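Here the structure is laid out as structure tokens; the discussion comes afterwards.
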Amino acid sequence: MIPPGETIGIIGGGQLGRMIAMAAAQLGYRCHIFAPEADSVAAEVSARFTCAEWTDAEAMAAFASDCAVITYEFENVPVGPVSALAPRPVLPHPRALKTAQDRLVEKLFVSELGGAPAPFAQVDSDADLKAAISRIGSPGILKTRGDGYDGKGQWRIASLDDAEGLDLPCAPLIYEGFVTFSAEFSVILSRGQDGDIRYWDSAENVHEGGILSRSTIPASPAVQAQVADARVLAARVAEALGYIGVLTLEFFATTQGPVFNEMAPRVHNSGHWTIEGALTSQFENHVRAICGLPLGDTALAAKGAVMSNLIGDEAHDWASILADPANHLHLYGKALARPGRKMGHVTRLVL
Ligand code: AMP
């Protein structure tokens with residue numbers, strides 16, 4: 001067990017790290033952020049900050065020597081330097097990073113555990129893409145296997161003709177059949193060092209332009225009917241990875257049951273509602289899990305909650321958002337409100 005007062009290392013300097021650091025501070029821990037960008041919103045609320053490249057082995061080693069446990073808030077960090085942090089405990093284990101970083105590896109892994117992703121094919125050439133479209137059909141989505149987030153690195157393919165003129169990016173790709181779904185939802189769980197698993201209620205998620213726009217609790221009955229099966233798969237994933245911390249799996253609700261979309265080995269945007277809407281937030285339980293503390297109760301603290309992301313300029317509306325006393329406003333402290341950038345979120349409880 002890592003007692004309060006110790007230092008938690010967080011790899012990645014964004015809003016997820018910021019909210020983990022705030023939960024850690026509540027429990028009496030200090031955080032040390034490692035990120036390559038100087039303007040880290042996680043570092044702003046943390047005791048220490050190392051600003052260095054992922055490949056800076058000396059900086060990584062000095063960071064590790066300052067931390068009792070290390071976690072990550074960002075899954076596109078190279079696995080090599082993270083694995084090299086041992087013998088410091090890195091939780092969740094970097095094998096979870098390795099699995100989640102590559103859409104192909106992730107889908108094969110989840111399929112072996114009995115999950116049902118959309119039909120998919122590896123694409124490394126024009127010929128592969130044509131073969132994939134012929135086998136799987138269209139419409140579909142061509143995605144980069146790595147480095148994708150918030151809908152980036154994705155191309156919709158309406159037909160075989162679309163593939164003809166496409167200038168394929170120089171990166172490993174995957175083609176997925178387009179899923180007809182009635183809704184999207186996520187399963188977020190925390191797994192402690194004793195194997196104890198706790199789930200939060202599943203939010204129904206609405207994306208706009210590939211970016212999460214809104215998460216609603218409770219989800220519709222159609223989604224709720226699929227949560228039990230989705231949880232079974234999420235628990236299998238957590239157990240197969242020897243996972244410790246918060247894990248997220250995203251699903252499409254379809255007439256054939258839950259179709260697995262992707263996993264994130266970390267706290268998740270669709271769980272931000274848990275800060276006010278659950279007895280223990282995803283951030284607090286992540287800290288509890290990686291420090292070997294007992295997990296907190298994940299039950300609802302209200303009848304429901306709606307979390308809306310503030311993207312780009314929407315964050316400039318903070319004054320009118322605060323004018324409604326029922327709104328819980330979270331701003332991430334980012335200086336530039338670029339279009340498509342997550343600047344904050346607002347949670348409203350259903351009481
Ligand atoms: P992803 O980054 O893979 O989660 O994709 C972002 C969003 O694009 C998802 O949340 C869906 O709304 C949509 N999307 C991605 N893959 C598919 C698919 N195979 N079929 C239908 N919609 C998809």
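Since we're looking at a predicted model, the values are computed, not measured. Start at 1 and go down the list; that is how both ligands and their atoms are numbered.
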Sorted by chain and number, the residues that approach ligand 1 to under 4.0 Å with a heavy atom
Arg103, Ile141, Lys143, Gln154, Glu176, Gly177, Phe178, Val179, Phe181, Glu184, His207, Gly210, Phe252, Asn261, Glu262
Suppose we screen for side-chain hydrogen bond (donor to acceptor under 3.5 Å, both in side chains). Which residues come up paired with Glu284, at least two apart in sequence or across chains?
Arg288
Check ion pair Lys130-Glu164 (N to O, under 4.0 angstrom):
yes
Quick check on side chain to side chain donor-acceptor pair (under 3.5 Å): which of Thr274, Asn309, Asn205, Thr347 does Ser215 satisfy it with?
Asn205
Could you list the donor-acceptor pairs under 3.5 angstrom formed between side-chain atoms of residues 240-248 and any protein atom two or more places apart in sequence or on another chain?
unit_1, atom_1, unit_2, atom_2, d
Tyr243, OH, Val246, O, 2.6
Tyr243, OH, Pro265, O, 3.1
Tyr243, OH, Arg266, N, 3.3
Thr248, OG1, Arg266, O, 3.1

Do the rings of Phe251 and Phe185 sit parallel, tilted or perpendicular, given the 30° and 60° boundaries?
parallel
Inter- and intrachain pairs under side-chain hydrogen bond (donor to acceptor under 3.5 Å, both in side chains), touching residues 11-25, at least two apart
Gln15-Lys334, Arg18-Glu44
